[in-house]
Each structure stands twice: as structure tokens, then as C-alpha cells.
Amino acid sequence: GESVGLHLPTLSVQEGDNSIINCAYSNSASDYFIWYKQESGKGPQFIIDIRSNMDKRQGQRVTVLLNKTVKHLSLQIAATQPGDSAVYFCAEGSGYSTLTFGKGTMLLVSP
Amino acid sequence: NAGVTQTPKFQVLKTGQSMTLQCAQDMNHEYMSWYRQDPGMGLRLIHYSVGAGITDQGEVPNGYNVSRSTTEDFPLRLLSAAPSQTSVYFCASSYLGGTQETQYFGPGTRLLVL
């Protein structure tokens, strides 16, 4: 979900659980959507992307779902591991690579 | 490839001082951009460039200048630093068009303006 004020929404899961991180985007004309992972003290790292003409895309342990009707994007992480703990951002873009980022969700994975 | 590199990693400035944040990439990417990230916020676009000699403003350009004299380098200049510019700055690059629209981010520069 989206953050309010200075506090990021946080999702806490146990190791081995499946995680679902949600994002509401704003521009119905966006061509593509990207999920990034940001670990503490590092820059964002690409996880997976999806184009607007798709509704699902799978990667290694991750799946992105796109619902254009309600402008909603989700990231599913299977068998979540402690190393998945990070802040996850969705981003939307169109045309040249100008992206608009969401505010992020913090994922905390406990052993 | 070194990817996207940024210098310095940390910087403390006094109000009114000027400085340049350096960004370089060795992937021959046409597109380069600067973002700032504030606590609890996503990344906000400051300036971007689609090739050497071409720059444009993003969402929050005020107080910042950029230039793109080469494909590899995209420096960000703070002309007169203000406390509101305290932030973490990320540089990113990518190919233009096609199917490769992912941006590669540098490690960031943490700036404190007193």
C-alpha cells in the first residue's frame, strides 16, 4: 500500500510464508510497471516489470499482477526469506524512461 | 562493468554553499536521471537526460542544475544549498525505448545541509 506521512506501511511475515505487497498507481496511460527492492543504505534494485498489455508475469519466486480496471499492482514473493527484508517500491512509466515511484512498503521477514 | 557510480557517498554542507554530485555509467545508456529520496517517500525525479547535450526538468528541479556533455557523465549541481535539500540522491541510467526500460541505480549520495 501507499504510505501516509513519514511512516512506511510495513508487512511482517515469517520465513517461508508467501508475501503480497500492493501498490495503487495513478496514471491509466502508463505503458509499464516495475517493482524495485531497496535494502538499507543501497540504491533501488530491479526485481520484475510488466507491460500494460499483460495482467500477470512470473519471475524466480516473484509474480507481478496488474489490474488496470482498478489501477492496482501487486508483487507476490513465494517462500519469503530473511534476505527479502527490504523496502519495495512500485513505479509506473510511459514513453521515454521517466518513472513515477510509489512511496514504498517495508517487508520484514522473521526467521 | 562498474555500472552506475556516484561520488561522494556522504557530504555535509553549510547553507549557501555550492557543490556538484558526480554520476557516471559505463553501459552506454542514453537515458540518465537524478532522484532525491526523503524519509518515508518514494523517489522524486529532479532532472533527466535522453542523450548528450539534452536535459529536461523532472518533478522537483528547483535549486538544481544539470548538464550532459558526454554519454557517460551526468553531474548534478546545487548552486546554493538549503536545508530543504538534505536528502539521499540517486543517479540512474537505462536504455531508451525497446523492451529494456529498467533503470540501474547508483549507490546514492547522502547530503546534509546545515
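Atoms considered below: every heavy atom in the structure, side chains included; atoms not considered: hydrogens, waters and symmetry mates. Quick note on labels: first sequence line is chain A, next is B, and so on, each numbered from 1.
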Fill in: Part of B:Arg110 within contact of chain A (heavy atom distance under 4.5 Å)
side chain

Worksheet item: Going hydrophobic residue to hydrophobic residue with side-chain gaps under 4.5 angstrom, can you get from B:Val50 over to B:Trp34?
Response: no

Practice prompt. Considering non-hydrogen atoms only, spot the tightest contact between A:Gln38 and B:Phe90 and give its length.
Written response: NE2-CZ, 3.3 Å

Discussion item. Assigning hydrophobic clusters by single linkage (Ile, Leu, Val, Met, Phe, Trp, Tyr; side-chain heavy-atom cutoff under 4.5 Å), is A:Ile77 placed with A:Leu73?
Written reply: yes

Fill in: Separation of A:Phe101 CZ from B:Gln103 CD (nearest 0.5 Å)
6.0 Å

Practice prompt. Report whether B:Met32 and B:Leu21 are members of the same hydrophobic cluster (ILVMFWY, side-chain heavy atoms less than 4.5 Å apart, transitive linking).
Written response: yes

Practice prompt. Heavy-atom distances under 4.5 Å only: say whether B:Gln6 touches chain A with side chain, backbone, both or neither.
Written response: neither

Worksheet item: Side-chain heavy atoms under 4.5 angstrom apart, residues restricted to Ile, Leu, Val, Met, Phe, Trp, Tyr: same cluster for B:Val113 and B:Val60?
Response: yes

Practice prompt. Return the option, out of B:Lys9, B:Gln37, B:Glu30, B:Arg44, with the maximum number of heavy-atom pairs under 4.5 Å with chain A.
Written response: B:Gln37

Worksheet item: Is B:Phe105 reachable from A:Phe89 through a run of hydrophobic residues whose side-chain heavy atoms are each under 4.5 Å from the next?
Response: yes

Worksheet item: Side chain, backbone, both or neither: which part of B:Leu45 has an atom under 4.5 Å from a heavy atom of chain A?
Response: side chain

Worksheet item: Below 4.5 Å, heavy atoms only, C-beta onward: do B:Tyr35 and A:Leu99 meet side chain to side chain?
Response: yes

